[in-house]
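Below is one structure, written out as structure tokens, with a few remarks after it.
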Amino acid sequence: MGRGFWLCVAVAFAGCAPAPYVVVDRPVEQPAPFPEPYPYSQQVDAPVQYEPIAAAPEGEPVPAVESFYDPLAPYGSWDESPTYGWVFTPSQADYVPYSDGYWTRTEAGMTWVSNEPIGWAVCHYGRWAHERGHWVWVPDTVWGPAWVDWREGDDYVGWSALGPAGATVVSFDYWRFVEIDLVFRTDLNRCYHSRQRVERELPVARRVNRWVKPPGGVAWVAGPDGSWVRHQPVEHRQPRDLGRYTPSERAAADRRAHETAPQWNQRREQAHRERLARDSQNDQSRRAQADNDARLRAEQQRRQGEVDARRQADEQRRQEAEAHQQLMEQRRVEADRLRQQAEGRQQEEQRRREQEANAQRVAEQQRKAGELEARRQLDEQRRGEAERLRQQAEARQQEEQRRREQEAEAQRVAELQRRQADVDARQQLEAQRRQELERVRQEEQRRQAELDARRQLEEQRRVEAERLRQQAEARQQEEQRRREQEAEVQRVAEVQRRQAEVDARRQLDEQRRVEADRLRQQAEARQQAELEARRIQEVQRQQDMARQQAEEQRQRQLELEARRIREEQNRQVEQQRQQQVELQRQQIEAQRQQQVELQRQQQMEAQRQQQMEAQRRQQMEVQRQQLEAQRQQQMEAQRQQQMEAQRQQQMEQQRQQELRAHQMQREQAEAQRRAQDAERVRQEEQNRQEQEQRKRKVQQEQEQRQRAQSEGRFKR
């Protein structure tokens with residue numbers, strides 16, 4: 001049998017009852033539910049049963065959501081949710097909807113009768129959402145016997161509150177399951193299954209797919225179908241018990257809502273401003289915490305670097321002390337050897353010269369090997385630094401590619417949602433037009449058949465016109481509030497954009513100041529190095545080693561400074577990425593709010609789309625400016641790195657030149673020392689010869705005096 005046959009059956013039943021409800025397989029206006037979170041079995045849906053439901057319940061629904069504000073205020077709080085707007089939060093912290101009450105069978109189907117003072121509203125109007133650890137109620141003016149999602153098994157049934165988008169909260173704590181034969185008991189809260197049993201039953205339970213749709217209304221789930229339901233008698237409840245009004249009560253509620261609307265509008269605006277202030281304060285707190293964490297990490301890294309540098313310096317000093325001790329020992333041995341060579345005359349001098357030549361050759365080989373090893377380590381460090389920079393560039397490119405893909409996906413999802421909203425809006429408008437035509441036809445028949453009720457009809461028309469006028473005024477006020485909110489959002493966005501520009505300029509100034517300090521420190525270090533070089537030229541080998549130690553410490557300080565600058569640049573890049581993520585989140589939030597506003601105000605669709613387009617262009621312009629600033633910063637960082645590499649290369653060349661000059665000075669000093677030693681030996685030899693000559697001369701004089709004396713004695 002085709003779909004047309006069942007439509008004919010539904011029309012036939014409609015002609016048999018004053019205002020019948022029709023069971024359909026899938027309601028047109030019902031939004032698509034979210035994907036199921038549980039792996040249900042293959043028998044998911046029960047077969048659809050087309051049974052007529054009795055006449056519509058008596059009474060009228062609430063005229064506007066403002067009718068709920070004052071009655072529910074003593075039992076909870078009204079506040080603004082960033083996701084759902086103006087919502088009601090019960091004062092009971094562990095409140096779970098559709099738990100305190102019982103089920104009965106009325107002319108509208110399975111109907112929930114609540115034992116709570118707020119049940120007439122929250123159980124028959126609106127939807128429930130679970131956010132930030134508690135339940136909030138999103139108000140609406142569409143009445144239903146119960147807005148729940150049903151599940152059924154072989155011998156049990158279960159239900160849970162429907163969410164704003166038709167989704168069901170999937171936590172096991174918020175599902176209620178009972179045995180089939182206990183579902184209509186008035187003490188139902190004593191019969192609920194335990195959580196462990198719900199965890200076993202919910203994944204295998206079947207979804208109830210029987211939808212009931214009143215003429216021109218919104219469909220709801222009719223509930224499970226079976227003989228145990230059909231055998232239950234239909235209970236006629238008072239309209240007030242189920243949240244419905246008589247015409248006089250409806251007019252009074254409409255009047256009260258209209259009177260209290262300005263006060264509640266002020267409260268909503270105040271709550272909106274407070275929420276914006278809280279969000280801004282939370283964002284500032286998060287940014288401050290992030291900055292504090294970054295500073296702490298940088299401080300820890302700096303301290304760790306200082307500890308490592310201090311440990312390396314201590315190790316180097318120990319090595320230098322050992323080298324100095326060895327050098328002193330070598331000098332002592334050298335002094336002994338020189339003394340022995342002086343005593344051994346020419347042969348020892350020749351052997352000493354040969355040993356010195358061998359020692360110089362070995363020292364030269366060791367020096368060259370050390371220079372080669374230092375050059376190799378420097379090249380290895382440069383290659384590692386280049387590889388790290390290349391990996392960072394690739395990571396930034398991949399991050400940029402992912403961000404672009406996410407933006408494209410978000411735009412595509414927003415476009416699909418907008419199209420779906422357009423289709424839903426057109427369907428709702430079509431249903432409203434059909435309903436309006438049906439109402440006009442019935443009104444014409446009633447005027448022709450009931451001429452004696454013309455006076456009452458005129459009075460009703462006057463009341464209806466007053467209600468429409470009030471609704472129009474309410475819509476105008478709502479439109480005015482919406483425009484003010486949009487202006488406030490634009491102002492906040494402008495303030496955020498200006499703040500971002502100020503932060504970018506401040507960061508650029510900070511970078512320039514850091515660069516100036518670094519250049520100044522480098523200039524001072526260069527001057528100090530030049531003074532150290534001149535001093536080293538005037539002192540001996542020990543002072544030369546001290547200069548090398550100072551040079552290495554300066555290089556380590558420069559490396560630490562370069563590492564700190566790189567970490568600062570990485571932190572700034574991370575902050576920019578977080579700002580971009582926050583901007584994307586704000587864009588998605590703004591798009592969602594605009595979509596909600598689209599569903600509520602279809603006639604302002606074109607204007608809101610233009611505003612969204614303008615805002616998107618502005619955001620794209622902000623992103624382009626940020627990307628351009630980031631690109632310039634990266635180019636500046638690369639230029640600085642190139643300058644740093646050139647400066648290090650120049651320093652390396654200067655150090656090599658200084659080493660060669662020092663080596664030449666050492667060789668000259670050594671040659672001069674050898675010449676002095678030879679001159680000293682020659683002078684000693686000359687002095688010795690002179691002393692021997694003087695001794696021989698004295699001896700000759702003594703011998704002459706002795707001969708003269710002996711000759712004188714001989715003459716006498």
Could I get the full list of salt bridge (charged side-chain N to carboxylate O under 4.0 Å, His left out) partners for [X], not counting sequence neighbours?
X: E306; answer: R302
X: R310; answer: none
X: R518; answer: E515, E644

Partners of [X] by side-chain hydrogen bond (donor to acceptor under 3.5 Å, both in side chains), sequence neighbours excluded?
X: Q638; value: none
X: Q499; value: D503
X: Q398; value: none
X: Q411; value: none

Legend entry - Summary of salt bridge (Lys or Arg N to Asp or Glu O under 4.0 Å) pairs that have at least one residue in residues 691-709, sequence neighbours excluded: R688-E692
side-chain contact (heavy atoms from CB on, under 4.5 Å) partners of [X], counting only residues at least two apart:
X: E407; answer: R403, Q584, Q623
X: Q330; answer: L327
X: R376; answer: E373
X: Q401; answer: E405

Inset, instruction - State which residue, out of Q417, R418, R412, fulfils the side chain to side chain donor-acceptor pair (under 3.5 Å) condition with E415. - result: R418
Do the side chains of [X] and [Y] get close enough for a salt bridge, i.e. N-O under 4.0 angstrom?
X: E329; Y: R332; value: yes
X: E684; Y: R680; value: yes
X: R318; Y: E315; value: yes
X: R402; Y: E399; value: yes

Inset, instruction - Take R383 and E380 through the salt bridge (charged side-chain N to carboxylate O under 4.0 Å, His left out) test and state the conclusion after the steps. - result: CA-CA 5 Å; R383 285 195 298 272; E380 186 68 24; 2.4 Å; yes
Inset, instruction - To the nearest 0.5 Å, tell me how far R396 CZ sits from N570 CG. - result: 8.0 Å
